[in-house]
Number of protein chains: 2
Amino acid sequence: MTTPAQGLHTHVLDALGLEIAAGDCPPGMVLRTDELAQRFEVSRTVVREVIRVLESMHLVESRRRVGVTVRPTEEWNVYDPQVIRWRLAGSDRPRQLRSLTVLRSAVEPVAAGLAARHATAEHCAALTECALGMVATSRGQQLEGYLRHDIAFHRIVLNASGNEMFARLGDVVAEVLAGRTHHQVMFEDPDPAAVTLHVRLAEAVREGDAEGAERLTKEIAVGALHELDVLAP
Amino acid sequence: MTTPAQGLHTHVLDALGLEIAAGDCPPGMVLRTDELAQRFEVSRTVVREVIRVLESMHLVESRRRVGVTVRPTEEWNVYDPQVIRWRLAGSDRPRQLRSLTVLRSAVEPVAAGLAARHATAEHCAALTECALGMVATSRGQQLEGYLRHDIAFHRIVLNASGNEMFARLGDVVAEVLAGRTHHQVMFEDPDPAAVTLHVRLAEAVREGDAEGAERLTKEIAVGALHELDVLAP
DNA sequence: GCCTCTTGAATAAGTCGTATGTAATGGGTT
DNA sequence: AACCCATTACATACGACTTATTCAAGAGGC
C-alpha cells in the first residue's frame, strides 16, 4: 500500500528492514514466514527472498523449526548503505550520526593525504569546482545546493585517494551529510569556517601537500563533531 | 559440489559469489537464471534467492528481459565480510590485502585512542592477556596460536573504542590477519618489534594514554604495510 | 524416586515444479 | 522513421513434498 510498489520484493524488504533497524523488533524476537506473508499480503516466495537478503545483512537469522529471529545490533552489517539508510530513518539517528562522523574523522584525513599524492588533474579540477560551488551556495539559504556540492567534494577526495575501501565510503558520507542537513533542521547557513577549510583543502590536494590536506580534513572533521555535540546533545 | 552442502542456498551462493569476486565473470557479463539452475542442479527458486542476495551486495543487477548482469567492482559492497572473504580467496588477494591494510592504518589508531579513554577493566585485562599470549607464541613456529591472539587483541581494541562502526571492523581485521598468515606463506616467526608494540599498546590503553595508544597503533600499521611491500610487491 | 538417554511426533523452514503476469527488446509493418 | 506486436527472461505466485530441529513422553539405569 501507499508505496510506488517498484516490485513487491523491494517494498516488503524496505518495510521489514525499517522495522528491524528502528528497533521495533527487539533482538531475539521471532518472525514467521507465514505470518509475514499474511501481513504484507504477498506469497511466501517473496517473503523468503526478503528474509534471505535480511539474513545476508545479518539482521536476522533463519533456523528451521524455530523461525526467523532478529539478531542483536552488534551483529548487523552496519556498513551496508541500505542498513545505514534504514537506521538513519529510525529513532537513534543521533547516535548513528555520531558513530559515522567519528568514522569519517578517522578515515577522511588519511584519504585526503593519499588524494594529495595521487589525484589526477581531473580530480583537482572537479574538486576546485565543488569548492567554488560551496562558496557560491554558502549564503542565503541555499542548503540543498550546498549539500550537493559538499557531498560531491568529499566523494571526489575519497575516490582520488586511490583506495577502493575509502572510495566506497562515499555513499556513507553522502548519507551522513544528507541526514545532517535534512533531519536536524538547519536554519542557519553553513559555518563560514568550514567553507574556507574546504577551499584550502582543494588547494592542498592540488599542490600535492599531503600533510596539509590531512590536517585540514581533520579540522573539518573536528568541526563536524563539534556541530553534532551542539545540536544533538 | 563435494561441499558439505549445509543447504543448497549457501552452496550455490558461495560458488557464484566466489566466481564473481574472483573476476571469472567480467563486469557486464550476463547470467541467466535457468542456466544457473541447470549448472548447479537446483531449482530456479534457489537460484532466484541467491541472485537476490548477490543483488543486495551490489555484485549483480537483475533486469527483466536482459538477465542478471555482473556489476563493476567499484559498485560492490566491499565492506560485507562475505564479499571480503570471497575476494581474499580470489586472484587479486595482494591488492585487496593492501587496500584493507591501508584502511586499518586509518581506523585503528583512532580506535586505539578512543579505547584508551573508554576501556573498561575487563577490556584491559583481556588486552593484557592477549598481549601475553602473543609473546608466548611469538617464537617456535606457533603461527596459529599467535594469529588467534593477534586477532583477539585487535578485536578488543576496536570493541573498547565504544564506536560500533569501529567494532564492526573486527571481522575485517580478522580476515586480513588470517589471510596474511595463511596465504603468503610465513615461514618465519612474527616480527619481534611488532610483538613489543602490542605489549606497549596494551599498557598505554590500560594507563589511559590516548596519544601513546594512537602512536603505537600507527607504528603497528606502518609495520604491516611495510611487510606487505616486502612480501608481495 | 530421580536422572538420563532414546525415540517419535509436531512444526516450520527448505526445496521444487509449474503456472501466470509483466516489462524490455528486436524485428516487422505501415 | 515511427509504431506495433511477438518473443524472451525475469517477477510473482501457489501448493506439495522434504528435511531438520525441537520438545516431550517413555524406557531404562542409577
Side-chain angles (χ1 to χ4, degrees), chain A residues 1-17 19-20 25-72 75-76 82, chain B residues 1-17 19-20 25-72 75-76 82:
Chain A
M1 71 184 80
T2 70
T3 34
Q6 200 209 334
L8 287 179
H9 177 81
T10 310
H11 174 234
V12 177
L13 179 63
D14 246 53
L16 257 185
E19 270 183 37
I20 295 174
C25 308
M29 177 175 172
V30 287
L31 310 167
R32 263 155 311 174
T33 51
D34 296 334
E35 267 184 25
L36 294 172
Q38 278 190 13
R39 228 185 83 194
F40 292 104
E41 296 176 337
V42 294
S43 72
R44 275 187 51 219
T45 313
V46 174
V47 173
R48 282 180 45 67
E49 287 173 4
V50 169
I51 295 300
R52 278 267 140 85
V53 172
L54 292 175
E55 207 176 9
S56 85
M57 297 171 174
H58 281 71
L59 261 60
V60 301
E61 187 180 7
S62 175
R63 282 169 57 203
R64 276 176 160 154
R65 161 70 189 169
V66 53
V68 178
T69 61
V70 179
R71 305 180 78 153
E75 298 178 12
W76 297 353
Q82 179 85 87
Chain B
M1 66 188 72
T2 71
T3 33
Q6 197 208 334
L8 287 180
H9 177 82
T10 311
H11 174 234
V12 176
L13 179 63
D14 246 54
L16 257 185
E19 270 183 36
I20 295 174
C25 310
M29 177 175 172
V30 180
L31 310 168
R32 262 156 312 185
T33 50
D34 35 4
E35 258 183 32
L36 295 172
Q38 278 189 14
R39 228 185 83 194
F40 292 106
E41 296 177 337
V42 295
S43 73
R44 284 198 295 283
T45 312
V46 174
V47 174
R48 282 178 45 68
E49 288 172 6
V50 169
I51 295 299
R52 276 267 139 84
V53 173
L54 293 176
E55 208 175 7
S56 85
M57 297 170 173
H58 282 70
L59 260 62
V60 301
E61 186 180 7
S62 175
R63 281 171 54 204
R64 275 176 162 154
R65 162 67 191 169
V66 52
V68 178
T69 59
V70 179
R71 304 178 77 154
E75 298 177 14
W76 297 354
Q82 178 86 88

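Every chain is numbered from 1, with letters handed out A, B, ... down the list of sequences.
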Query raised in the report: Taking only residues two or more places apart in sequence, or in another chain, which ones meet Glu61(B) in a side-chain hydrogen bond (donor to acceptor under 3.5 Å, both in side chains)?
Result: none
Report summary line: When every non-hydrogen atom of Val42(A) is compared with those of Val47(A), the smallest separation belongs to CG2-CG2, 3.7 Å
Requested in this report: Identify, residue by residue, the members of residues 38-47 of chain B with a heavy atom below 4.0 Å from DNA chain C, and return them in order of residue number, or none.
Outcome: Val42(B), Ser43(B), Arg44(B), Thr45(B), Val46(B)
Determine all donor-acceptor pairs shorter than 3.5 Å in which one atom belongs to a side chain in residues 48-57 of chain A; sequence neighbours excluded.
{"residue": "Arg48(A)", "atom": "NE", "partner": "Glu49(B)", "partner atom": "OE2", "Å": "3.2"}
{"residue": "Arg48(A)", "atom": "NH2", "partner": "Glu49(B)", "partner atom": "OE1", "Å": "3.2"}
{"residue": "Arg48(A)", "atom": "NH2", "partner": "Glu49(B)", "partner atom": "OE2", "Å": "3.0"}
{"residue": "Glu49(A)", "atom": "OE1", "partner": "Arg48(B)", "partner atom": "NH2", "Å": "3.3"}
{"residue": "Glu49(A)", "atom": "OE1", "partner": "Arg52(B)", "partner atom": "NH1", "Å": "2.4"}
{"residue": "Glu49(A)", "atom": "OE2", "partner": "Arg48(B)", "partner atom": "NE", "Å": "3.3"}
{"residue": "Glu49(A)", "atom": "OE2", "partner": "Arg48(B)", "partner atom": "NH2", "Å": "2.9"}
{"residue": "Arg52(A)", "atom": "NE", "partner": "His9(B)", "partner atom": "NE2", "Å": "3.4"}
{"residue": "Arg52(A)", "atom": "NH1", "partner": "His9(B)", "partner atom": "ND1", "Å": "3.3"}
{"residue": "Arg52(A)", "atom": "NH1", "partner": "Glu49(B)", "partner atom": "OE1", "Å": "2.4"}
{"residue": "Glu55(A)", "atom": "OE2", "partner": "Ser62(A)", "partner atom": "N", "Å": "3.2"}
{"residue": "Ser56(A)", "atom": "OG", "partner": "Val53(A)", "partner atom": "O", "Å": "2.8"}
{"residue": "Ser56(A)", "atom": "OG", "partner": "Ser56(B)", "partner atom": "OG", "Å": "3.4"}

**Report entry** Contact letters for nucleotides 3-11 of chain D, in which S counts primed atoms plus P, OP1 and OP2 and B counts the base, heavy atoms under 4.0 Å
**Finding:** -----BSBS
**Report entry** Smallest separation among heavy atoms of Phe40(B) and Leu16(B), with atom names
**Finding:** CE1-CG, 4.1 Å
Report task. Enter the distance from His58(B):NE2 to Glu75(B):CD here, rounded to the nearest 0.5 Å. Result -> 7.5 Å
Report summary line: Value for CZ (Arg44(A)) from OG1 (Thr33(A)), rounded to nearest 0.5 Å, stands at 5.0 Å
**Report entry** Rounded distance (Å) that lies between atom C1' of dT15(C) and atom NE2 of His11(B)
**Finding:** 15 Å
Query raised in the report: Which whole-number value in Å describes the distance from Glu61(A) CD to dA12(C) C1'?
Result: 15 Å
Report task. Give the minimum heavy-atom separation between Ile20(A) and Cys25(A), together with the two atoms involved. Result -> CG1-SG, 4.2 Å
Report task. Kindly calculate the angle separating the two end axes of the helix from dG1(C)-dC30(D) to dT30(C)-dA1(D), each obtained from five base pairs, and round it to 10 degrees. Result -> 10°
Query raised in the report: Who pairs with Glu19(B) by side-chain hydrogen bond (donor to acceptor under 3.5 Å, both in side chains), at least two apart in sequence or on another chain?
Result: Arg39(B)
Query - Gap between atom OG1 of Thr45(B) and atom CG of Leu8(B) - 0.5 Å precision - result: 11.0 Å
